[in-house]
Every structure is written in C-alpha cells, then in structure tokens.
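Every heavy atom of this structure was used, including side-chain atoms; hydrogens, water molecules and symmetry mates were not. Count residues from 1 along the sequence. Note that this is a predicted model, so its numbers are computed, not measured.
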Amino acid sequence: MADSSFFDESRDNSLVKSEIVAKYFWAWAKVIIPTAKKWSNKIAYIDLFSGPGRYQDGSKSTPLLILERAIADKDMPQMLVTLFNDKDSNNTHSLQQAIESIPDISRLTHKPIILNKEVGEEIVQAVKQINKIPTLFFIDPWGYKGLSLALIGAVIKDWGCDCIFFFNYNRINMGLHNTAVEKHMNSLFGKERADNLREQLELTKQPEERELIIVEAISQALKEIGGSYVLPFGFKNECGNRTTHHLIFVSKNVLGYSIMKEIMAGESSSAKQGVPSFEYNPAPPKYPLLYELYRPLDELEHLLLDEFPGQTITMEQIYNQHHVGKRYISKNYKEALKKLEQQGKIIADPPASKRRKHQGEITFGDKVKVTFPPK
C-alpha cells in the first residue's frame with residue numbers, strides 16, 4: 001500500500017539513502033561511460049518508484065540529484081537515458097514539474113521519460129526488452145508490492161547493469177506470516193525459500209536473529225539469479241534499537257561491489273576501530289564501553305594470518321581475495337597490515353622505514369608485498 005506521507009519530510013534516513021544512490025550513480029557512470037561510447041553511446045538510470053521529486057520541506061529526492069549531476073558533466077548530457085515511474089499520478093505530475101524547473105534541463109539529449117504505471121509483470125517484460133544499454137536501476141517501493149526476484153533478475157541481466165533496492169524489513173518480517181500477502185512474499189524470496197523462512201522464523205523470536213535470517217535469505221536468493229555481489233545497508237529507527245529497512249545493492253561485477261562498499265562505508269553512522277557498521281543509526285551508542293568491546297580490526301589481523309600462511313602477496317591481492325562478503329574496506333586492510341608489521345608478525349617489502357609518510361603516518365600502498373609466516 002502506498003503512503004504519500006513517506007515524502008512529507010526529508011527524514012535523515014531518506015537523505016542518506018538518496019546520497020548513497022546518487023554517489024554510486026556518479027562513480028558507476030564514470031566506469032561505464034568509456035565502454036558505453038563504443039556501443040550504443042547510451043547509459044541509463046531507471047527509477048521504478050520515483051515519488052514526487054521533492055519532499056515537502058523542499059529538499060531534492062533521488063531523481064533530481066541524478067539529473068542535476070548529469071547536466072553538470074561533459075559526457076552524460078548526450079548519453080543519459082532516464083525513466084521515472086510511479087503509480088501515483090500526483091507524484092508523476094509533481095516530478096514532471098520539478099524536472100522542468102531544473103536549470104539547463106534542455107542540455108539532455110534524451111528527455112526524461114515519466115510513466116504512471118503499477119510495477120508488475122508488464123514492467124518486468126518491458127525491462128527485459130532493454131538490451132545492451134548499461135543501466136543503474138533504483139527500486140524503492142514503500143512496502144514490497146511489485147518487488148520480485150523476477151524483476152531484479154531482469155534488471156541485472158546485461159553487462160553494466162546494477163540494481164539498488166529498498167528492502168522494507170519491518171513489513172517483510174510481518175508479511176512472511178500474513179497469508180493475505182503470501183503471493184508477494186513468494187515472489188520476493190521464491191516459494192521454496194519463503195516456506196523455509198516461515199518455518200525458521202516460527203522458532204526464532206529474537207529481533208536481531210530474525211533480521212539476520214531474513215537478510216541472509218534475500219542475499220542468497222539474489223545470488224541464485226545472478227547477483228554474485230550483494231551488499232545490504234541497514235537503517236535503524238529513531239531510538240536506534242531496531243532495524244526498519246535496508247538498502248540492498250546487487251551486481252554481477254566485483255568492481256561495482258567495491259565502489260559501493262566504499263560509499264556505504266562513508267555513509268555509515270559509526271565505525272569501530274575504523275571498520276564501518278554498514279548501517280545508519282540516528283541514535284548514538286548509549287554504552288561506549290560495551291560498544292568498543294568488539295574490536296573488528298583486531299579480528300581482521302587474525303583472519304589474515306590464518307588465510308595467507310606462508311604466502312608472499314601484495315596488499316592489493318590480499319584485499320581482492322578477501323574482502324567480498326565482509327565489512328572491511330581497503331583502508332582497514334592497510335591498517336591491519338601496518339599493525340602486523342609493527343608486531344613483527346609479517347614482513348613488508350618495502351619495509352616501513354622505506355615507505356613514504358602521509359600527514360605523519362607511514363603508508364601501506366597497494367603494491368607493497370607482504371610475506372606471511374607459515375602456520
């Protein structure tokens with residue numbers, strides 16, 4: 001069920017969500033454009049639940065951020081194809097007006113397409129007809145209606161096509177035991193996996209464990225349809241004690257995964273020992289002593305010693321082989337390796353004494369070779 005009050009104000013969560021999508025679009029486009037020029041000379045951004053363009057407080061939602069960024073670029077005005085859809089005609093009318101008011105909107109060779117359709121099988125079939133245009137898809141339903149594995153599979157089928165979607169954990173958690181929406185849950189997880197989920201959740205009452213089970217299930221389902229790289233980003237309620245929803249990124253390309261990982265890390269509201277939480281929590285930690293008891297960077301040091309015994313390997317190779325499916329970003333690996341070097345547990349080539357400093361800190365470059373001790 002749609003809820004127009006969602007757009008009444010630009011809540012912090014909505015701003016963070018828009019920032020993540022807009023930042024990824026920019027980074028994605030810069031990687032994709034050189035190859036796209038050799039193909040159709042087009043790239044696309046498609047938003048299937050676009051909303052009105054502006055919140056009631058006047059701040060811009062994702063479609064306007066994307067278009068303004070494109071207009072300011074030297075390549076994108078000629079290449080970018082955009083499609084915005086919303087089943088609410090009030091939203092599409094408002095979005096149309098907001099787009100027309102963007103300065104220099106006429107610089108875009110391809111005029112933005114605005115549709116007023118309910119997302120369902122017709123949209124899935126239309127998406128399947130889009131061929132050989134690298135596309136970033138944003139799927140942001142208020143609840144879950146219209147969101148399905150078939151849709152996500154259709155949008156990531158070709159090279160250069162990535163998807164970011166809104167996963168309303170609260171409603172899905174409740175919907176899995178609601179027979180009235182059984183069809184929607186089966187479309188989202190696949191019937192067999194949805195049935196298994198229902199059985200697991202019958203035995204699980206702890207909110208934290210339920211969340212892990214549900215997010216793991218959707219991640220595995222996405223991998224089965226070709227989304228090799230899945231990255232969820234959680235949002236907490238205003239009290240900071242309960243997850244309300246996730247923004248989930250899915251791609252077939254490890255480079256896209258690495259780029260999004262850095263962006264989500266930067267938008268995380270906390271980082272223990274510099275390791276990002278991959279969540280936005282508007283409430284600060286109430287118990288700082290307990291908050292620091294879990295030290296993920298220390299854990300990374302042990303993981304690396306266990307993973308690469310007896311090997312000589314560059315920092316870049318360590319990162320590429322190890323980071324997928326983990327919260328750690330490149331700078332975490334460099335920090336862990338510097339600590340291991342200081343402790344005499346690894347040998348670095350060149351050693352710390354011969355590496356340059358940045359702002360007083362010894363660096364650990366991508367090409368530094370690391371020799372790990374045998375087990």
Side-chain angles (χ1 to χ4, degrees), residues 13-32 45-47 62 134-141 144 147 149 151-153 155-157 159-169 172 188-189 193 208 211-236 243-272 274-281 296 299-300 303 319-333:
N13 282 359
S14 298
L15 285 174
V16 171
K17 179 178 64 177
S18 293
E19 276 297 305
I20 289 172
V21 176
K23 286 177 180 177
Y24 184 75
F25 167 76
W26 182 257
W28 166 86
K30 288 300 180 184
V31 171
I32 294 295
Y45 175 80
I46 297 178
D47 187 337
T62 313
T135 303
L136 178 61
F137 290 85
F138 183 37
I139 306 173
D140 188 7
Y144 40 72
L147 186 63
L149 285 179
L151 175 60
I152 298 168
V155 304
I156 63 169
K157 70 182 189 304
W159 176 84
C161 293
D162 291 342
C163 179
I164 306 167
F165 69 93
F166 180 88
F167 186 75
N168 194 320
Y169 170 73
I172 290 165
L188 181 56
F189 291 95
R193 180 171 273 105
E208 295 83 1
E211 180 185 349
L212 291 172
I213 290 170
I214 291 171
V215 175
E216 177 69 17
I218 191 63
S219 299
Q220 292 301 328
L222 291 167
K223 288 184 178 183
E224 286 182 7
I225 60 167
S228 304
Y229 302 97
V230 179
L231 195 59
F233 186 94
F235 290 85
K236 297 289 188 181
T243 299
T244 57
H245 60 279
H246 294 82
L247 200 62
I248 297 182
F249 170 77
V250 56
S251 178
K252 296 178 295 186
N253 190 287
V254 70
L255 177 57
Y257 175 88
S258 298
I259 291 170
M260 180 56 98
K261 202 175 197 185
E262 295 288 340
I263 291 169
M264 287 183 170
E267 295 296 330
S268 298
S269 58
S270 64
K272 301 174 186 179
V275 179
S277 62
F278 286 90
E279 69 176 26
Y280 180 75
N281 187 341
E299 182 184 37
L300 178 57
L303 289 173
Y319 173 73
N320 289 339
Q321 291 181 31
H322 193 262
H323 81 101
V324 174
K326 300 176 181 67
R327 287 190 295 141
Y328 303 111
I329 57 177
S330 178
K331 72 175 185 179
N332 300 144
Y333 285 86

> Using a 4.5 Å cut-off on heavy atoms from C-beta on, say whether the side chain of Trp28 contacts that of Ile259.
no
> Under the rule for ring pair (Phe, Tyr, Trp, His ring centres under 6.0 Å), what residues qualify as partners of Phe189, not counting sequence neighbours?
none
> Quick one: does Lys17's side chain have a donor or acceptor within less than 3.5 Å of a partner on Leu247's backbone?
no
> Going by the rule side chain to side chain donor-acceptor pair (under 3.5 Å), which residues pair with Lys30 if we only count those two or more places apart in sequence or in a different chain?
Asp73
> Measure centre to centre between the rings of Phe235 and Phe233, then say whether the value is under 6.0 Å.
yes
> Between Lys261 and His323, what is the shortest heavy-atom contact and its length?
NZ-O, 2.6 Å
> Return a table of donor-acceptor pairs under 3.5 angstrom between the side chains of residues 18-25 and protein atoms on other chains or two or more places apart.
unit_1: Ser18; atom_1: OG; unit_2: Ser14; atom_2: O; d: 3.2
unit_1: Ser18; atom_1: OG; unit_2: Thr62; atom_2: OG1; d: 3.2
unit_1: Lys23; atom_1: NZ; unit_2: Glu267; atom_2: OE2; d: 2.5
unit_1: Tyr24; atom_1: OH; unit_2: Asp162; atom_2: OD2; d: 2.5

> Atom CG in Leu147, atom CD1 in Ile172: separation rounded to 0.5 Å?
6.5 Å
> Taking the ring of Tyr328 and the ring of His322, is the distance between their centroids below 6.0 Å?
no
> Does Tyr229 use its side chain to pair, donor to acceptor, with the backbone of Gly256 at less than 3.5 Å?
no
> Is there a side-chain contact between Cys163 and Ile139, using heavy atoms and a 4.5 Å cut-off?
yes
> With distance as the sole criterion, is a donor-acceptor pair present between the side chains of Glu216 and Gln220 under 3.5 Å?
yes
